Amino acid sequence: MSVFDFRPARRPLLVSLPHVGTGLPPGLADRLSAPAQALPDTDWHLPRLYDFLEELGVGVIQARFSRFVVDLNRASDDAPLYAGPTTGLCPSTLFDGTPAYRPGAEPDAAEVAERVARWWAPYHEAIAAEMARLHATFGRAVLFDAHSIRSVVPRLFDGRLPDLNLGTNQGRSLDADLGARLAEVCADAGADGFTHVRDGRFKGGHITRHFGRPAEGWHAVQLELVQATYMVEDPPHAFDEARAARIRPHLRRFVETLLAWAEDRA
């Protein structure tokens with residue numbers, strides 16, 4: 001089974017979907033705790049929500065395997081991204097702190113290294129190759145790392161998360177003008193009742209921080225979207241087309257803003 005699905009870009013933008021996968025290698029499901037077997041921290045339905053990407057000529061790379069195999073948005077050495085609670089490279093807990101493995105079934109260092117080599121490295125190598133190609137072709141390369149999360153996760157943040165969480169690594173992962181344009185898109189969504197924040201609880205994970213190199217012409221941004229804006233957050237995590245129809249125009253404008261900036265600059 002391939003590690004990821006990939007469609008090359010026709011325009012200078014690649015979208016990464018690292019947490020949409022639900023695949024598990026043989027034997028892993030039996031080692032996971034009962035709550036983890038339901039894969040609760042998946043970024044459900046994002047390919048369906050962003051169904052306009054191919055029409056726009058945007059490239060897409062999306063994981064096939066679950067973040068419980070290896071989290072593609074963490075550093076390969078598992079260096080922490082945030083000072084507060086989080087989950088690691090091969091998560092040992094769920095977002096709510098529930099153990100991810102049955103007692104004694106956690107992966108050891110050798111297994112973690114094998115997972116990095118087999119699943120993590122190919123995904124990152126593919127992003128790097130496509131960004132290099134886009135930069136060589138268009139003079140600019142832009143990466144959009146798309147995520148979603150439950151609106152309330154007390155272990156990770158207080159209260160309800162804003163609907164649109166723009167992560168730019170405190171402005172270090174992209175051009176300042178592009179960051180301002182994207183923040184304006186998120187602010188304009190307030191007319192439809194959506195809230196937003198820039199570099200709040202989610203400032204961009206490893207993908208955004210690693211591939212965001214504006215001095216080299218590589219620009220990256222993360223958007224953490226509250227799942228209640230497009231689906232039912234409780235199991236079975238049903239997609240809600242009525243909700244999606246309200247947020248999708250703002251997401252499309254977000255992507256179109258990335259493209260317009262990249263092509264204007266090119």
Side-chain angles (χ1 to χ4, degrees), residues 2-9 13-24 38-74 87 91 94-95 119 123-124 126-127 130 142-151 153 156 161-167 182 185-186 189 194 196 201-202 204-208 211 220-259:
S2 177
V3 173
F4 55 81
D5 293 311
F6 173 66
R7 183 178 69 243
L13 175 61
L14 175 65
V15 176
S16 164
L17 302 169
H19 290 157
V20 299
T22 56
L24 296 172
L39 309 180
D41 301 330
T42 301
D43 291 3
W44 301 107
H45 307 300
L46 287 189
R48 180 174 176 181
L49 181 64
Y50 289 92
D51 61 3
F52 52 84
L53 295 178
E54 184 171 11
E55 172 194 346
L56 294 178
V58 172
V60 177
I61 181 168
Q62 63 183 67
R64 286 190 171 191
F65 283 82
S66 170
R67 68 190 304 160
F68 290 111
V69 179
V70 65
D71 191 327
L72 300 172
N73 202 28
R74 299 293 185 271
T87 54
L94 310 186
F95 283 170
W119 286 283
Y123 192 89
H124 286 257
I127 291 178
E130 182 68 350
V142 179
L143 176 66
F144 170 28
D145 202 41
H147 295 261
S148 71
I149 192 170
R150 291 179 64 93
S151 57
V153 185
L156 300 186
L161 198 66
D163 297 312
L164 297 154
N165 298 266
L166 183 64
L182 296 174
V185 171
C186 293
F194 297 111
H196 81 285
R201 173 59 178 83
F202 297 98
H206 176 73
I207 290 174
T208 300
F211 290 106
V221 63
Q222 176 176 306
L223 184 65
E224 191 83 50
L225 179 68
V226 161
Q227 290 177 341
T229 61
Y230 70 92
M231 58 173 275
V232 178
E233 293 186 340
D234 294 324
H237 308 296
F239 190 84
D240 188 322
E241 188 56 57
R243 297 186 196 183
R246 294 186 63 244
I247 192 64
R248 192 181 278 122
H250 300 288
L251 299 177
R252 182 171 181 131
R253 185 183 168 205
F254 190 93
V255 172
E256 290 174 339
T257 298
L258 289 166
L259 285 168

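Hydrogens, waters and symmetry mates play no part in the numbers below; they use all other heavy atoms, side chains included. Just so it is clear, the structure is predicted and the values come from calculations on it, not from any experiment.
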Are [X] and [Y] side-chain neighbours, meaning at least one heavy-atom pair lies under 4.5 Å?
X	Y	result
Arg67	Asp43	yes
Ile207	His124	yes
Val60	Phe4	no
Thr87	Arg74	yes
Leu143	Val221	no
Val232	Trp44	no

Nearest-0.5 Å distance, [atom1] of residue [X] to [atom2] of residue [Y]:
X	Y	atom1	atom2	answer
Leu258	Leu182	CG	CG	5.0 Å
Arg201	Leu156	CZ	CG	5.5 Å
His147	Ser16	NE2	OG	6.0 Å
Leu223	Asn165	CG	CG	7.5 Å
Ser148	Asp163	OG	CG	12.5 Å
Asp71	His19	CG	NE2	3.5 Å

Quick one: closest heavy-atom pair of [X] and [Y], and the distance?
X	Y	answer
Phe65	Ser2	CE1-O, 3.7 Å
Ala63	Pro18	CB-O, 3.4 Å
Ala9	Glu130	N-OE2, 2.9 Å
Ile247	Thr229	CG2-O, 3.7 Å
Thr42	Gly21	CG2-O, 4.1 Å
Ile149	Phe202	CD1-CZ, 3.6 Å

Sequence neighbours excluded, the answer for salt bridge (charged side-chain N to carboxylate O under 4.0 Å, His left out) partners of Arg252 is Glu55, Glu256
Looking at residues at least two apart in the chain, or sitting in another chain, which of them share a salt bridge (charged side-chain N to carboxylate O under 4.0 Å, His left out) with Asp145? none
Could you tell me which residues satisfy side-chain contact (heavy atoms from CB on, under 4.5 Å) with [X], sequence neighbours excluded, listed by chain and number?
X	result
Val255	Leu13, Phe52, Leu53, Leu56, Val58, Phe144, Leu259
Pro47	Leu17, Val20, Gln62
Glu54	Arg7
Ser66	Leu24, Leu39, Phe68

Check: [Y] main-chain N/O paired with [X] side-chain donor or acceptor under 3.5 Å:
X	Y	result
Arg64	Gly23	no
Tyr50	Leu251	no
Gln222	Gly205	yes

Can you list the residues that meet the ring-ring contact (aromatic ring centres under 6.0 Å, His included) rule with [X], with sequence neighbours excluded?
X	answer
His45	Phe239
Phe194	His250
Phe95	none
Tyr230	none

By side chain to side chain donor-acceptor pair (under 3.5 Å), which residues pair with His206, not counting sequence neighbours? none
Take Asp5 and Ile61 through the side-chain contact (heavy atoms from CB on, under 4.5 Å) test and state the conclusion after the steps. CA-CA 6 Å; Asp5 293 311; Ile61 181 168; over 6 Å; no
Please collect all side-chain hydrogen bond (donor to acceptor under 3.5 Å, both in side chains) contacts where either partner lies in residues 236-247, sequence neighbours excluded, each pair once.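 Qualifying pairs, neighbours excluded: Asp240-Arg243, Glu241-Arg248.
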